[in-house]
Amino acid sequence: MSQRAQDTGIKVIVVGAGFAGLTAAIECHLKGHSVLVLEKFSELKPLGDVISFGPNAGRIMARWANGAVYDRLYPLCHRNKELNFYMWNGEFIVSQPVYPLNRETPSVNGHRGEIHEIVFQYAKELGIEIRLGCQVLEYLEDKDRAGVKVNGETIWADIVVGSDGVRSKARELVLGYVDKPKSSGYAIYRAWMDSTPILNDPLTKHLVENGDTHTGWLGPDVHFLAASLKNGKSLSWVCTHRDEADIAESWSLPGNLDEALKVIEGWDPIARRIVELTPECVDWKLVYRDPLPTWISKEARTCLAGDAAHPFLPTSIQGASQAMEDGVVLAVCLQLAGKENVPLAVRAYEKIRYDRVRRAQLLGEETREMWHKADWDEVKKNPDMIKLKRDDWLFLFDCEKNTHEVWDETVKELTEAEGVGNLIQPSPVIDVY
Ligand SMILES: Cc1cc2nc3c(=O)[nH]c(=O)nc-3n(C[C@H](O)[C@H](O)[C@H](O)COP(=O)(O)OP(=O)(O)OC[C@H]3O[C@@H](n4cnc5c(N)ncnc54)[C@H](O)[C@@H]3O)c2cc1C
(Lines give C-alpha, C1' and ligand atoms only; values in the text may rest on other atoms or scores of the structure.)
Protein backbone atom coordinates (compact mmCIF):
# COMPACT_ATOMS: atom_id res chain seq x y z
CA MET A 1 0.00 0.00 0.00
CA SER A 2 1.43 3.40 -0.97
CA GLN A 3 2.17 5.68 1.95
CA ARG A 4 2.48 8.78 -0.25
CA ALA A 5 0.26 11.75 0.56
CA GLN A 6 -1.47 13.90 -2.02
CA ASP A 7 0.81 15.91 -4.31
CA THR A 8 1.54 19.36 -2.85
CA GLY A 9 3.30 20.77 -5.89
CA ILE A 10 6.26 21.79 -3.69
CA LYS A 11 9.64 21.24 -5.34
CA VAL A 12 12.49 20.46 -2.98
CA ILE A 13 16.21 20.25 -3.74
CA VAL A 14 18.13 18.31 -1.11
CA VAL A 15 21.91 18.74 -1.09
CA GLY A 16 23.78 15.79 0.43
CA ALA A 17 22.68 12.18 0.71
CA GLY A 18 23.77 11.50 4.30
CA PHE A 19 21.14 10.57 6.87
CA ALA A 20 19.84 14.14 7.09
CA GLY A 21 19.47 14.49 3.32
CA LEU A 22 18.03 11.04 2.69
CA THR A 23 15.51 11.36 5.49
CA ALA A 24 14.46 14.83 4.29
CA ALA A 25 14.11 13.41 0.78
CA ILE A 26 12.12 10.34 1.82
CA GLU A 27 9.84 12.25 4.15
CA CYS A 28 9.28 15.06 1.64
CA HIS A 29 8.39 12.48 -0.99
CA LEU A 30 6.02 10.69 1.39
CA LYS A 31 4.35 14.00 2.29
CA GLY A 32 3.64 14.69 -1.39
CA HIS A 33 6.50 17.02 -2.37
CA SER A 34 8.74 16.46 -5.43
CA VAL A 35 12.36 15.85 -4.52
CA LEU A 36 15.72 16.03 -6.25
CA VAL A 37 18.80 14.91 -4.27
CA LEU A 38 22.28 16.11 -5.26
CA GLU A 39 25.25 14.27 -3.74
CA LYS A 40 28.92 14.96 -4.41
CA PHE A 41 30.05 11.32 -3.96
CA SER A 42 30.13 9.67 -7.37
CA GLU A 43 29.19 6.26 -5.97
CA LEU A 44 27.70 4.80 -2.82
CA LYS A 45 30.36 3.18 -0.63
CA PRO A 46 29.74 1.53 2.76
CA LEU A 47 31.83 4.13 4.61
CA GLY A 48 32.27 4.58 8.34
CA ASP A 49 31.96 2.23 11.26
CA VAL A 50 29.51 2.18 14.13
CA ILE A 51 26.61 4.63 14.29
CA SER A 52 23.67 4.88 16.67
CA PHE A 53 20.08 5.88 16.17
CA GLY A 54 17.96 6.18 19.30
CA PRO A 55 14.35 4.99 19.38
CA ASN A 56 13.29 8.53 18.45
CA ALA A 57 14.92 8.03 15.03
CA GLY A 58 14.35 4.28 14.83
CA ARG A 59 10.60 4.92 14.91
CA ILE A 60 10.98 7.07 11.76
CA MET A 61 12.61 4.18 9.90
CA ALA A 62 10.19 1.67 11.41
CA ARG A 63 7.30 3.49 9.67
CA TRP A 64 8.84 3.36 6.23
CA ALA A 65 7.31 0.87 3.78
CA ASN A 66 4.95 -0.26 6.53
CA GLY A 67 7.83 -1.76 8.51
CA ALA A 68 9.70 -3.41 5.63
CA VAL A 69 12.71 -1.08 5.97
CA TYR A 70 13.06 -1.89 9.66
CA ASP A 71 12.86 -5.60 8.82
CA ARG A 72 15.96 -5.11 6.65
CA LEU A 73 17.75 -3.15 9.37
CA TYR A 74 16.92 -5.49 12.23
CA PRO A 75 19.49 -8.24 11.44
CA LEU A 76 22.25 -5.58 11.43
CA CYS A 77 21.33 -4.08 14.79
CA HIS A 78 23.42 -4.31 17.92
CA ARG A 79 21.64 -6.61 20.40
CA ASN A 80 23.33 -6.05 23.73
CA LYS A 81 21.20 -6.07 26.85
CA GLU A 82 23.34 -3.72 28.88
CA LEU A 83 26.31 -1.37 28.79
CA ASN A 84 28.97 -2.36 31.32
CA PHE A 85 31.13 0.42 32.73
CA TYR A 86 34.65 -0.02 34.12
CA MET A 87 37.23 2.39 35.45
CA TRP A 88 40.27 2.76 33.22
CA ASN A 89 42.16 0.29 35.45
CA GLY A 90 39.57 -2.44 34.93
CA GLU A 91 37.60 -2.01 38.14
CA PHE A 92 33.92 -2.73 37.47
CA ILE A 93 31.58 0.21 38.18
CA VAL A 94 28.04 -0.41 37.00
CA SER A 95 25.88 -2.08 34.40
CA GLN A 96 23.24 -0.01 32.57
CA PRO A 97 20.33 -1.84 30.91
CA VAL A 98 19.45 -0.62 27.41
CA TYR A 99 16.05 -0.34 25.70
CA PRO A 100 14.89 -3.73 24.49
CA LEU A 101 15.07 -3.98 20.69
CA ASN A 102 11.49 -4.01 19.45
CA ARG A 103 9.07 -1.98 17.38
CA GLU A 104 8.01 0.17 20.34
CA THR A 105 11.58 1.29 21.06
CA PRO A 106 13.33 0.59 17.77
CA SER A 107 16.94 1.67 18.29
CA VAL A 108 19.20 1.09 15.31
CA ASN A 109 22.88 0.72 16.20
CA GLY A 110 25.17 -0.82 13.64
CA HIS A 111 27.53 -0.21 10.74
CA ARG A 112 26.96 3.22 9.21
CA GLY A 113 27.66 2.05 5.68
CA GLU A 114 25.25 -0.87 5.87
CA ILE A 115 22.44 1.18 7.41
CA HIS A 116 23.05 4.00 4.96
CA GLU A 117 22.81 1.61 2.03
CA ILE A 118 19.38 0.36 3.16
CA VAL A 119 18.05 3.89 3.58
CA PHE A 120 19.56 4.90 0.24
CA GLN A 121 17.95 1.92 -1.51
CA TYR A 122 14.59 2.72 0.02
CA ALA A 123 14.82 6.28 -1.34
CA LYS A 124 15.58 4.82 -4.78
CA GLU A 125 12.67 2.37 -4.51
CA LEU A 126 10.35 5.28 -3.84
CA GLY A 127 11.47 6.71 -7.16
CA ILE A 128 13.28 9.71 -5.68
CA GLU A 129 15.75 11.18 -8.14
CA ILE A 130 19.26 11.03 -6.66
CA ARG A 131 22.05 12.47 -8.77
CA LEU A 132 25.51 11.33 -7.68
CA GLY A 133 28.71 13.13 -8.63
CA CYS A 134 26.96 16.49 -8.15
CA GLN A 135 28.92 18.83 -5.93
CA VAL A 136 26.94 21.98 -5.30
CA LEU A 137 29.24 24.97 -5.66
CA GLU A 138 26.83 27.82 -5.08
CA TYR A 139 23.48 28.43 -3.42
CA LEU A 140 21.08 31.06 -4.77
CA GLU A 141 17.76 32.44 -3.70
CA ASP A 142 15.29 35.24 -4.18
CA LYS A 143 11.93 35.88 -2.61
CA ASP A 144 10.10 33.24 -4.63
CA ARG A 145 12.58 30.45 -5.14
CA ALA A 146 15.89 28.87 -4.15
CA GLY A 147 18.46 27.24 -6.36
CA VAL A 148 21.87 25.70 -6.71
CA LYS A 149 24.69 25.72 -9.24
CA VAL A 150 26.00 22.27 -9.99
CA ASN A 151 28.03 20.81 -12.85
CA GLY A 152 27.54 23.99 -14.90
CA GLU A 153 23.76 23.96 -14.46
CA THR A 154 21.52 26.20 -12.33
CA ILE A 155 18.55 24.37 -10.84
CA TRP A 156 15.66 26.13 -9.09
CA ALA A 157 12.98 24.87 -6.71
CA ASP A 158 10.65 26.17 -4.00
CA ILE A 159 13.14 25.28 -1.28
CA VAL A 160 16.72 24.04 -0.95
CA VAL A 161 17.74 21.88 2.00
CA GLY A 162 21.45 22.18 2.77
CA SER A 163 22.13 18.81 4.37
CA ASP A 164 25.74 18.92 3.26
CA GLY A 165 27.41 17.92 6.50
CA VAL A 166 29.72 19.49 8.98
CA ARG A 167 31.66 21.47 6.35
CA SER A 168 28.50 22.84 4.81
CA LYS A 169 28.63 25.24 1.89
CA ALA A 170 24.95 26.05 2.33
CA ARG A 171 25.82 27.55 5.71
CA GLU A 172 27.57 30.43 3.91
CA LEU A 173 24.31 31.53 2.29
CA VAL A 174 22.37 31.08 5.50
CA LEU A 175 24.80 32.97 7.72
CA GLY A 176 26.07 35.42 5.12
CA TYR A 177 29.68 34.65 6.03
CA VAL A 178 32.11 31.74 6.04
CA ASP A 179 31.96 29.95 9.36
CA LYS A 180 34.69 27.31 9.55
CA PRO A 181 34.20 24.42 11.92
CA LYS A 182 36.67 24.33 14.78
CA SER A 183 38.36 21.55 16.65
CA SER A 184 36.35 20.37 19.63
CA GLY A 185 39.65 19.73 21.43
CA TYR A 186 39.05 15.98 21.05
CA ALA A 187 39.60 13.28 18.47
CA ILE A 188 38.49 9.66 18.28
CA TYR A 189 40.41 6.60 17.22
CA ARG A 190 37.79 4.27 15.73
CA ALA A 191 37.86 0.75 14.35
CA TRP A 192 35.51 -1.88 12.96
CA MET A 193 36.90 -5.40 12.56
CA ASP A 194 36.15 -9.06 12.18
CA SER A 195 36.12 -10.36 15.76
CA THR A 196 38.01 -13.64 15.17
CA PRO A 197 41.26 -12.41 16.81
CA ILE A 198 39.22 -11.19 19.80
CA LEU A 199 37.55 -14.62 20.09
CA ASN A 200 40.89 -16.40 19.89
CA ASP A 201 42.44 -14.43 22.73
CA PRO A 202 41.59 -15.65 26.27
CA LEU A 203 41.71 -12.09 27.60
CA THR A 204 39.06 -10.76 25.22
CA LYS A 205 36.96 -13.71 24.11
CA HIS A 206 34.19 -12.99 26.65
CA LEU A 207 33.40 -9.85 24.65
CA VAL A 208 32.25 -11.84 21.62
CA GLU A 209 31.73 -15.52 22.43
CA ASN A 210 28.13 -15.22 23.67
CA GLY A 211 26.70 -12.70 21.25
CA ASP A 212 26.71 -8.92 21.43
CA THR A 213 28.20 -6.96 24.32
CA HIS A 214 28.88 -3.30 25.04
CA THR A 215 31.68 -2.23 27.37
CA GLY A 216 32.99 1.17 28.40
CA TRP A 217 36.24 2.12 30.18
CA LEU A 218 36.36 5.64 31.58
CA GLY A 219 39.44 7.59 32.57
CA PRO A 220 40.75 11.16 32.90
CA ASP A 221 39.96 12.95 29.63
CA VAL A 222 39.66 9.64 27.76
CA HIS A 223 36.92 7.09 27.27
CA PHE A 224 37.06 3.81 25.40
CA LEU A 225 33.92 1.98 24.23
CA ALA A 226 33.88 -1.47 22.63
CA ALA A 227 30.83 -3.11 21.07
CA SER A 228 30.52 -6.55 19.56
CA LEU A 229 27.84 -6.83 16.89
CA LYS A 230 26.20 -9.36 14.58
CA ASN A 231 26.07 -11.99 17.28
CA GLY A 232 29.65 -11.26 18.25
CA LYS A 233 31.04 -11.68 14.73
CA SER A 234 32.17 -8.05 14.41
CA LEU A 235 33.81 -5.74 16.91
CA SER A 236 33.88 -1.98 16.91
CA TRP A 237 35.70 0.33 19.29
CA VAL A 238 36.08 4.06 19.75
CA CYS A 239 38.58 5.88 21.93
CA THR A 240 37.91 9.58 22.56
CA HIS A 241 40.89 11.61 23.73
CA ARG A 242 42.29 15.14 23.78
CA ASP A 243 43.55 16.37 20.43
CA GLU A 244 43.91 19.97 19.31
CA ALA A 245 45.03 19.15 15.77
CA ASP A 246 43.65 21.10 12.82
CA ILE A 247 40.52 19.94 11.12
CA ALA A 248 41.18 17.79 8.09
CA GLU A 249 38.96 18.09 5.05
CA SER A 250 37.97 14.42 4.96
CA TRP A 251 35.66 12.74 7.44
CA SER A 252 38.49 10.71 8.90
CA LEU A 253 42.22 10.05 8.51
CA PRO A 254 44.13 6.77 8.81
CA GLY A 255 44.90 6.30 12.51
CA ASN A 256 48.09 5.16 14.23
CA LEU A 257 47.46 2.19 16.56
CA ASP A 258 50.67 2.83 18.53
CA GLU A 259 49.43 6.34 19.25
CA ALA A 260 46.09 4.89 20.32
CA LEU A 261 47.89 2.55 22.71
CA LYS A 262 49.79 5.50 24.19
CA VAL A 263 46.46 7.19 24.96
CA ILE A 264 45.46 4.20 27.12
CA GLU A 265 48.87 3.56 28.69
CA GLY A 266 48.41 1.78 32.02
CA TRP A 267 44.72 0.96 31.35
CA ASP A 268 42.90 -2.33 31.77
CA PRO A 269 44.83 -4.99 29.81
CA ILE A 270 41.55 -6.02 28.15
CA ALA A 271 41.08 -2.60 26.55
CA ARG A 272 44.75 -2.54 25.51
CA ARG A 273 44.54 -6.05 24.04
CA ILE A 274 41.59 -5.01 21.87
CA VAL A 275 43.76 -2.30 20.32
CA GLU A 276 46.75 -4.67 19.99
CA LEU A 277 44.53 -7.10 18.05
CA THR A 278 43.13 -4.45 15.74
CA PRO A 279 44.44 -4.44 12.15
CA GLU A 280 43.71 -0.74 11.44
CA CYS A 281 41.89 2.26 12.79
CA VAL A 282 40.91 5.75 11.73
CA ASP A 283 41.57 9.05 13.42
CA TRP A 284 38.44 11.20 13.46
CA LYS A 285 39.05 14.81 14.46
CA LEU A 286 35.93 15.85 16.26
CA VAL A 287 34.49 18.97 14.72
CA TYR A 288 32.25 21.12 16.82
CA ARG A 289 30.83 24.60 16.88
CA ASP A 290 28.79 26.85 19.04
CA PRO A 291 25.12 26.85 18.06
CA LEU A 292 24.44 28.79 14.86
CA PRO A 293 22.31 31.91 15.30
CA THR A 294 19.99 30.57 12.62
CA TRP A 295 19.54 27.58 10.29
CA ILE A 296 17.54 29.45 7.66
CA SER A 297 18.34 32.02 4.99
CA LYS A 298 17.07 35.59 4.77
CA GLU A 299 14.21 34.71 2.42
CA ALA A 300 13.55 31.44 4.27
CA ARG A 301 13.86 29.50 1.02
CA THR A 302 17.04 27.69 2.07
CA CYS A 303 17.54 25.83 5.32
CA LEU A 304 20.18 23.71 6.94
CA ALA A 305 19.60 20.21 8.29
CA GLY A 306 21.68 17.63 10.14
CA ASP A 307 25.36 18.27 10.84
CA ALA A 308 25.29 21.36 8.61
CA ALA A 309 23.01 22.98 11.19
CA HIS A 310 24.20 21.30 14.37
CA PRO A 311 27.22 19.00 14.71
CA PHE A 312 26.99 16.71 17.71
CA LEU A 313 29.50 15.22 20.08
CA PRO A 314 29.33 11.42 19.90
CA THR A 315 28.69 11.28 23.66
CA SER A 316 25.21 12.65 22.97
CA ILE A 317 24.59 9.55 20.79
CA GLN A 318 22.04 11.69 18.94
CA GLY A 319 23.77 13.34 15.93
CA ALA A 320 22.29 11.03 13.33
CA SER A 321 18.96 10.80 15.15
CA GLN A 322 18.51 14.56 15.26
CA ALA A 323 19.52 14.75 11.60
CA MET A 324 16.63 12.40 10.80
CA GLU A 325 14.17 14.30 12.96
CA ASP A 326 15.05 17.46 11.00
CA GLY A 327 13.93 15.84 7.75
CA VAL A 328 10.62 14.66 9.17
CA VAL A 329 9.73 17.99 10.78
CA LEU A 330 10.61 19.96 7.66
CA ALA A 331 8.53 17.67 5.43
CA VAL A 332 5.50 17.95 7.73
CA CYS A 333 5.82 21.75 8.00
CA LEU A 334 5.88 22.05 4.20
CA GLN A 335 2.85 19.82 3.93
CA LEU A 336 0.89 21.77 6.52
CA ALA A 337 1.88 25.18 5.13
CA GLY A 338 1.36 24.40 1.44
CA LYS A 339 3.17 25.65 -1.64
CA GLU A 340 2.14 29.27 -1.12
CA ASN A 341 3.70 29.38 2.33
CA VAL A 342 7.09 27.73 1.97
CA PRO A 343 8.97 30.47 3.90
CA LEU A 344 6.54 30.10 6.77
CA ALA A 345 7.10 26.35 6.78
CA VAL A 346 10.85 26.89 6.87
CA ARG A 347 10.58 29.30 9.79
CA ALA A 348 8.30 26.94 11.63
CA TYR A 349 10.77 24.10 11.04
CA GLU A 350 13.53 26.06 12.71
CA LYS A 351 11.33 27.16 15.58
CA ILE A 352 10.12 23.64 16.30
CA ARG A 353 13.57 22.09 16.08
CA TYR A 354 16.03 24.60 17.53
CA ASP A 355 15.61 24.21 21.30
CA ARG A 356 15.19 20.46 21.23
CA VAL A 357 18.39 20.06 19.22
CA ARG A 358 20.28 22.36 21.58
CA ARG A 359 19.12 20.39 24.58
CA ALA A 360 20.28 17.16 22.96
CA GLN A 361 23.64 18.73 22.06
CA LEU A 362 24.20 19.86 25.63
CA LEU A 363 23.55 16.34 26.84
CA GLY A 364 26.62 15.18 24.90
CA GLU A 365 28.77 17.83 26.54
CA GLU A 366 27.47 16.89 29.98
CA THR A 367 28.14 13.19 29.42
CA ARG A 368 31.68 13.79 28.27
CA GLU A 369 32.43 16.02 31.25
CA MET A 370 30.81 13.51 33.59
CA TRP A 371 32.98 10.68 32.24
CA HIS A 372 36.24 12.54 31.70
CA LYS A 373 36.20 14.49 34.96
CA ALA A 374 34.65 11.82 37.17
CA ASP A 375 35.45 11.95 40.88
CA TRP A 376 35.91 8.22 41.35
CA ASP A 377 35.42 8.26 45.11
CA GLU A 378 32.01 9.83 44.51
CA VAL A 379 31.22 7.44 41.64
CA LYS A 380 32.00 4.45 43.82
CA LYS A 381 29.47 5.70 46.36
CA ASN A 382 26.87 6.28 43.64
CA PRO A 383 27.79 4.31 40.48
CA ASP A 384 24.53 5.30 38.76
CA MET A 385 25.89 8.80 38.26
CA ILE A 386 28.04 7.75 35.31
CA LYS A 387 25.23 6.03 33.44
CA LEU A 388 24.21 7.53 30.10
CA LYS A 389 21.20 9.83 30.39
CA ARG A 390 18.36 8.10 28.57
CA ASP A 391 15.61 10.60 29.17
CA ASP A 392 12.16 9.93 27.77
CA TRP A 393 11.85 13.52 26.41
CA LEU A 394 14.65 12.64 24.03
CA PHE A 395 14.26 8.96 23.23
CA LEU A 396 10.53 8.36 23.37
CA PHE A 397 9.70 11.43 21.28
CA ASP A 398 7.61 11.21 18.13
CA CYS A 399 8.73 14.22 16.07
CA GLU A 400 6.04 13.77 13.41
CA LYS A 401 3.19 13.66 15.92
CA ASN A 402 4.69 16.57 17.84
CA THR A 403 4.91 18.75 14.72
CA HIS A 404 1.19 18.31 14.12
CA GLU A 405 0.51 19.10 17.77
CA VAL A 406 2.53 22.33 17.91
CA TRP A 407 1.84 23.56 14.37
CA ASP A 408 -1.04 25.98 15.05
CA GLU A 409 0.70 27.54 18.02
CA THR A 410 3.97 27.86 16.12
CA VAL A 411 2.29 29.55 13.15
CA LYS A 412 0.45 31.90 15.49
CA GLU A 413 3.67 32.93 17.19
CA LEU A 414 5.46 33.42 13.88
CA THR A 415 2.69 35.41 12.24
CA GLU A 416 2.26 37.59 15.31
CA ALA A 417 5.97 38.36 15.54
CA GLU A 418 6.74 41.61 13.79
CA GLY A 419 7.83 41.19 10.18
CA VAL A 420 7.72 37.43 10.31
CA GLY A 421 5.22 35.06 8.78
CA ASN A 422 3.11 35.48 5.69
CA LEU A 423 0.31 32.95 5.73
CA ILE A 424 -1.58 32.34 2.49
CA GLN A 425 -0.01 35.05 0.35
CA PRO A 426 0.10 33.49 -3.13
CA SER A 427 3.57 33.53 -4.70
CA PRO A 428 4.06 33.96 -8.45
CA VAL A 429 4.57 30.85 -10.54
CA ILE A 430 8.18 29.82 -10.17
CA ASP A 431 10.71 28.34 -12.45
CA VAL A 432 11.59 24.88 -11.18
CA TYR A 433 13.64 21.89 -12.21
C1 LIG B 1 31.70 9.15 4.85
C2 LIG B 1 31.11 9.36 6.19
C3 LIG B 1 31.27 8.38 7.18
C4 LIG B 1 30.74 8.58 8.45
N5 LIG B 1 30.88 7.58 9.38
C6 LIG B 1 30.35 7.74 10.61
C7 LIG B 1 30.46 6.71 11.58
O8 LIG B 1 31.02 5.68 11.33
N9 LIG B 1 29.90 6.91 12.78
C10 LIG B 1 29.23 8.07 13.08
O11 LIG B 1 28.72 8.20 14.21
N12 LIG B 1 29.13 9.06 12.20
C13 LIG B 1 29.67 8.92 10.96
N14 LIG B 1 29.54 9.93 10.04
C15 LIG B 1 28.84 11.16 10.43
C16 LIG B 1 27.35 10.91 10.51
O17 LIG B 1 26.88 10.21 9.39
C18 LIG B 1 26.66 12.25 10.65
O19 LIG B 1 27.24 12.92 11.78
C20 LIG B 1 25.18 12.16 10.92
O21 LIG B 1 24.61 11.02 10.37
C22 LIG B 1 24.48 13.39 10.36
O23 LIG B 1 24.40 13.22 8.96
P24 LIG B 1 24.35 14.37 7.90
O25 LIG B 1 23.54 13.84 6.77
O26 LIG B 1 23.95 15.65 8.51
O27 LIG B 1 25.86 14.57 7.47
P28 LIG B 1 26.82 13.62 6.64
O29 LIG B 1 26.63 12.22 7.01
O30 LIG B 1 28.18 14.19 6.76
O31 LIG B 1 26.31 13.77 5.12
C32 LIG B 1 26.53 14.93 4.34
C33 LIG B 1 26.51 14.55 2.88
O34 LIG B 1 26.58 15.72 2.08
C35 LIG B 1 27.46 15.50 1.00
N36 LIG B 1 27.97 16.80 0.56
C37 LIG B 1 28.79 17.64 1.24
N38 LIG B 1 29.00 18.76 0.54
C39 LIG B 1 28.30 18.64 -0.60
C40 LIG B 1 28.12 19.48 -1.74
N41 LIG B 1 28.70 20.68 -1.82
N42 LIG B 1 27.32 19.04 -2.75
C43 LIG B 1 26.71 17.83 -2.68
N44 LIG B 1 26.86 16.99 -1.63
C45 LIG B 1 27.63 17.39 -0.61
C46 LIG B 1 28.52 14.58 1.61
O47 LIG B 1 29.24 13.88 0.61
C48 LIG B 1 27.68 13.67 2.49
O49 LIG B 1 27.21 12.52 1.80
C50 LIG B 1 30.05 9.78 8.76
C51 LIG B 1 29.89 10.77 7.77
C52 LIG B 1 30.41 10.56 6.50
C53 LIG B 1 30.20 11.62 5.43
Side-chain angles (χ1 to χ4, degrees), residues 13-26 36-54 57 60-61 78 108-117 119-120 123 130-139 148-151 155 160-173 181 184 188-192 225 227 229 234 236-238 240 248-253 255 281-288 295 303-327 330 357 360-361 364:
I13 294 173
V14 173
V15 182
F19 286 104
L22 287 177
T23 307
I26 290 167
L36 169 65
V37 181
L38 303 168
E39 164 57 50
K40 76 173 175 188
F41 281 143
S42 52
E43 59 177 316
L44 184 71
K45 289 190 193 155
L47 296 171
D49 45 73
V50 74
I51 198 163
S52 299
F53 297 87
I60 297 169
M61 294 184 260
H78 189 209
V108 177
N109 303 319
H111 193 285
R112 181 199 183 266
E114 293 174 353
I115 298 169
H116 186 251
E117 192 173 6
V119 175
F120 185 89
I130 304 178
R131 295 189 199 163
L132 299 179
C134 287
Q135 178 166 13
V136 170
L137 296 176
E138 202 178 330
Y139 290 79
V148 292
K149 282 196 178 168
V150 61
N151 294 351
I155 315 175
V160 171
V161 183
S163 38
D164 50 351
V166 86
R167 294 172 185 87
S168 168
K169 180 95 186 146
R171 203 158 47 217
E172 289 173 24
L173 177 93
S184 65
I188 312 186
Y189 292 113
R190 324 175 49 112
W192 179 286
L225 298 170
L229 302 98
S234 300
S236 167
W237 60 263
V238 294
T240 303
E249 276 308 308
S250 64
W251 178 74
S252 60
L253 307 162
C281 72
V282 298
D283 184 1
W284 183 19
K285 308 294 183 202
L286 257 188
V287 168
Y288 200 51
W295 306 349
C303 65
L304 305 177
D307 282 357
H310 44 69
F312 269 75
L313 292 177
T315 36
S316 69
I317 325 183
Q318 273 287 309
S321 300
Q322 292 301 317
M324 295 192 88
E325 285 193 5
D326 285 347
L330 179 65
V357 166
Q361 273 179 318

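Counting starts at 1 for both ligands and their atoms, in listed order.
- In summary, the atoms of ligand 1 found under 4.0 Å from a heavy atom of Gly165, numbered by their order in the structure, are 27 (O), 30 (O), 32 (C).
- A donor-acceptor pair under 3.5 Å is formed between the side chain of Ser163 and the backbone N or O of Val15.
- Atom CD1 in Ile13 sits 5.5 Å away from atom CD1 in Ile155 (nearest 0.5 Å).
- Distances from ligand 1 to the non-hydrogen atoms of Arg167 include no value under 4.0 Å.
- Close approach to Gly306 involves these atoms of ligand 1, each under 4.0 Å from a residue heavy atom: 26 (O).
- Of all the heavy atoms in Ala308 and Ser168, the pair that sits closest is CB-CB, 3.5 Å.
- Close approach to Val50 involves these atoms of ligand 1, each under 4.0 Å from a residue heavy atom: 7 (C), 8 (O), 9 (N), 10 (C), 11 (O).
- Of the N or O atoms in Phe19, one or more lie within a sub-3.5 Å distance of an N or O in ligand 1.
- With a heavy-atom cut-off of 4.0 Å, Ser52 does not touch ligand 1 at all.
- The closest donor-acceptor contact from the side chain of His310 to the backbone of Ala305 lies at 3.5 Å or more, if one exists at all.
- Comparing heavy-atom distances from atom 5 (N) of ligand 1 across Arg112, His116, Gln135 singles out Arg112 as nearest.
- Within the 3.5 Å criterion, the main-chain N or O of Gly54 finds a donor-acceptor partner in the side chain of Ser321.
- The contact set between ligand 1 and Gly16, taken as ligand atoms under 4.0 Å from a residue heavy atom, comprises 33 (C), 34 (O), 35 (C), 44 (N).
- Of the possible donor and acceptor atoms, one in the side chain of His111 sits under 3.5 Å from a partner among the backbone N and O of Gly48.
- At under 3.5 Å, a nitrogen or oxygen of Glu39, whether backbone or side chain, sits near a nitrogen or oxygen of ligand 1.
- Contacts with ligand 1 closer than 4.0 Å are made by no heavy atom of Val150, backbone or side chain.
- By the 4.0 Å heavy-atom criterion, Val166 is excluded from the residues contacting ligand 1.
- Checked against a 3.5 angstrom limit, the closest N/O atoms of Ala20 and ligand 1 fall inside it.
- In this structure, the side chain of Asn109 does not engage the main chain of His78 through any donor-acceptor pair within 3.5 Å.
- If you look at Ser163 next to ligand 1, the close heavy atoms, those under 4.0 Å, all belong to the backbone.
- In terms of polar-atom proximity, defined here as any N/O pair under 3.5 Å, Lys169 makes no such contact with ligand 1.
- Judged purely by atom type and a 3.5 angstrom limit, Ser316 uses its side chain to pair as donor or acceptor with the backbone of Leu313.
- Annotation for ligand 1: atoms under 4.0 Å from non-hydrogen atoms of Leu38 are 43 (C), 44 (N).
- On a distance-only criterion, Trp284 and ligand 1 share no N/O pair closer than 3.5 Å.
- Between the side chain of Arg171 and the backbone N or O of Val166 there is at least one donor-acceptor pair closer than 3.5 Å.
- Distances below 4.0 Å separate heavy atoms of Val15 from the following atoms of ligand 1: 42 (N), 43 (C).
- The closest donor-acceptor contact from the side chain of Glu138 to the backbone of Val148 lies at 3.5 Å or more, if one exists at all.
- Although no hydrogens or angles enter the test, the distance criterion places a donor-acceptor pair under 3.5 Å between the side chain of Asp164 and the main chain of Lys169.
- A distance of 11.5 Å separates OH of Tyr189 from OG1 of Thr240, quoted to the nearest 0.5 Å.
- Contact annotation for Asp49 and ligand 1: heavy atoms of both the backbone and the side chain come within less than 4.0 Å of the ligand.
- The ligand atoms of ligand 1 that sit less than 4.0 angstrom from a heavy atom of Leu47 are 1 (C).
- The ligand atoms of ligand 1 that sit less than 4.0 angstrom from a heavy atom of Cys134 are 42 (N), 43 (C).
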